[in-house]
Amino acid sequence: MGIQLGVLAKQFGLGRLINPEKLRGKIIVVDALVTIYQMLATIRGPDGYFLVDSKGRITSHLVGIFNRECRLMSLGIRSIYVFDGPPLEIKLRVLQRRREEKEKFYGQFLEAVKKGDVDRAIKLGKRAMFVTDELINQTKKLLSLLGIPVVQAPHDAEAQAAYIVKEGNAYAITTRDWDALVYGSPRIIMHWKIIHDPYLPAKLYILDEFLEKLRLTREQLIDLAILLGTDFNPGGFKGIGPKTAYKLIRMYRSLDNLLKHGRIKWIWDVEPDEIRQLFLNPPVTDKYEIEFGTPDEEGIIEFLVEEHDFSPRRVKNRLKEALRGLHRVGKQADLMKFF
DNA sequence: CGCAGCGA
DNA sequence: TCGCTGCGG
């Protein structure tokens with residue numbers, strides 16, 4: 001999570017502004033867990049806690065995903081959600097540390113809510129851990145009612161998502177970090193806000209363009225990422241930021257050469273080549289089905305309105321717009337023609 | 001996050 | 001019609 005390629009992308013003038021209208025008829029892939037986190041981090045009630053239904057069950061993620069997906073459908077854009085599988089052993093240590101940190105923040109977050117310190121609650125809640133099986137299952141249920149395909153990744157969702165784009169089954173990944181590009185997704189879209197905001201425009205980055213402008217091979221991009229630090233070698237190398245890392249890869253051609261010449265020292269248990277392989281050929285599956293459906297209006301009202309206390313007026317309005325957008329763009333066969 | 005309701 | 005703010009559950 002969070003390979004720091006932003007500085008270089010900016011330096012080389014990469015990324016083109018993209019208007020959401022331009023994505024009409026296209027399919028985008030998202031990392032489901034990241035999306036749930038993002039919604040929980042930003043959608044809060046007046047006390048800084050999440051939105052909840054009358055039984056106290058969290059609904060922020062449902063509100064966020066429902067609004068977003070209805071809006072996307074109204075624009076004629078379809079999504080695929082990819083869920084993480086069990087983490088690779090090599091990633092366990094980072095995840096464990098991240099988990100402990102997030103649990104600490106979660107405790108502090110609940111405390112702040114109780115004390116009525118709203119600002120602090122909102123801040124802490126962005127860093128806390130709260131994705132439970134219940135939240136995941138609720139999300140899957142909503143997605144299936146909306147006719148949005150769900151893909152189960154064998155391990156890393158981002159890697160599976162990149163594979164889906166590579167195979168031509170989607171146009172791009174929408175993401176907040178650069179990992180998908182290193183995983184070989186031909187296109188990624190960043191800073192994605194559906195509402196047109198001239199200050200925060202969506203940017204499309206094309207892998208081939210990235211490699212061409214930086215004059216790197218895919219392998220060298222991966223080596224560059226490893227220099228900057230990945231989930232498999234967190235932190236990267238002390239004193240080596242984006243600019244230095246790039247210079248070093250251009251000069252030495254590969255991570256191996258850098259190590260051979262003693263320019264840097266490898267401090268992790270795992271071998272560099274193992275990490276390289278995980279980005280080059282990550283464990284993914286082609287046993288996934290992408291079938292888009294039409295939102296099940298009755299089922300959604302039952303789920304959101306009756307079970308989770310959504311306003312029927314809002315839900316119906318959203319759905320009407322979504323259905324109108326889908327009608328305009330047609331069925332799946334038509335969607336694929338837009339590539 | 002995305003929307004609705006409001007005032008300029 | 002636009003930009004801002006606060007609400008949604």
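Keep in mind it's a predicted model, so treat the numbers as computed, not measured. FYI, side chains are in, hydrogens and waters are out, and symmetry mates aren't considered; it's all heavy atoms of this structure.
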Integer-rounded Å distance: [N] [atom2] and [X] [atom1]:
X: I36(A); N: dC1(B); atom1: CD1; atom2: P; answer: 16 Å
X: I43(A); N: dC3(B); atom1: CD1; atom2: C1'; answer: 11 Å
X: F303(A); N: dG9(C); atom1: CZ; atom2: C1'; answer: 13 Å
X: D53(A); N: dG8(C); atom1: CG; atom2: P; answer: 15 Å
X: D47(A); N: dG9(C); atom1: CG; atom2: C1'; answer: 12 Å
X: N67(A); N: dA4(B); atom1: CG; atom2: P; answer: 9 Å
X: L51(A); N: dG2(B); atom1: CG; atom2: P; answer: 15 Å
X: N317(A); N: dG2(B); atom1: CG; atom2: P; answer: 18 Å

Residue-phosphate contact under 4.0 Å: R318(A) side-chain N/O, dA4(B) OP1/OP2: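 True: R318(A) side-chain N/O within range (under 4.0 Å) of dA4(B) OP1/OP2.
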
R71(A) side chain near dG2(B) phosphate (N/O to OP1/OP2, under 4.0 Å):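 Result: no.
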
Distance-only donor-acceptor hits, side chain of residues 206-213 of chain A, under 3.5 Å, sequence neighbours excluded:
residue : atom : partner : partner atom : Å
E209(A) : OE2  : R16(A)  : NH2          : 2.2

Residues [X] and [Y]: side-chain donor-acceptor under 3.5 angstrom:
X: Y81(A); Y: E69(A); result: yes
X: Q38(A); Y: R176(A); result: yes
X: D53(A); Y: T59(A); result: no

Proximity to DNA chain C (any heavy atom under 4.0 Å), residues of residues 306-315 of chain A only: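 Those residues are H308(A), D309(A), F310(A), S311(A), R314(A).
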
Student check: side-chain heavy atoms of P272(A) and L259(A) closer than 4.5 Å: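 The answer is yes; the side chains approach within 4.5 Å.
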
Reported CZ-to-CD distance for the pair R215(A) and Q220(A), which is rounded to 0.5 angstrom: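 If I round to the nearest 0.5 Å, the distance is 10.5 Å.
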
Euclidean distance, L33(A) CG relative to H61(A) NE2, rounded to 0.5 Å: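 If we round to the nearest 0.5 Å, H61(A):NE2 and L33(A):CG are 11.0 Å apart.
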
Sugar-phosphate only, base, or nothing, as touched by T59(A) at under 4.0 Å among non-hydrogen atoms: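 T59(A): backbone/sugar contact only, no base atoms under 4.0 Å.
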
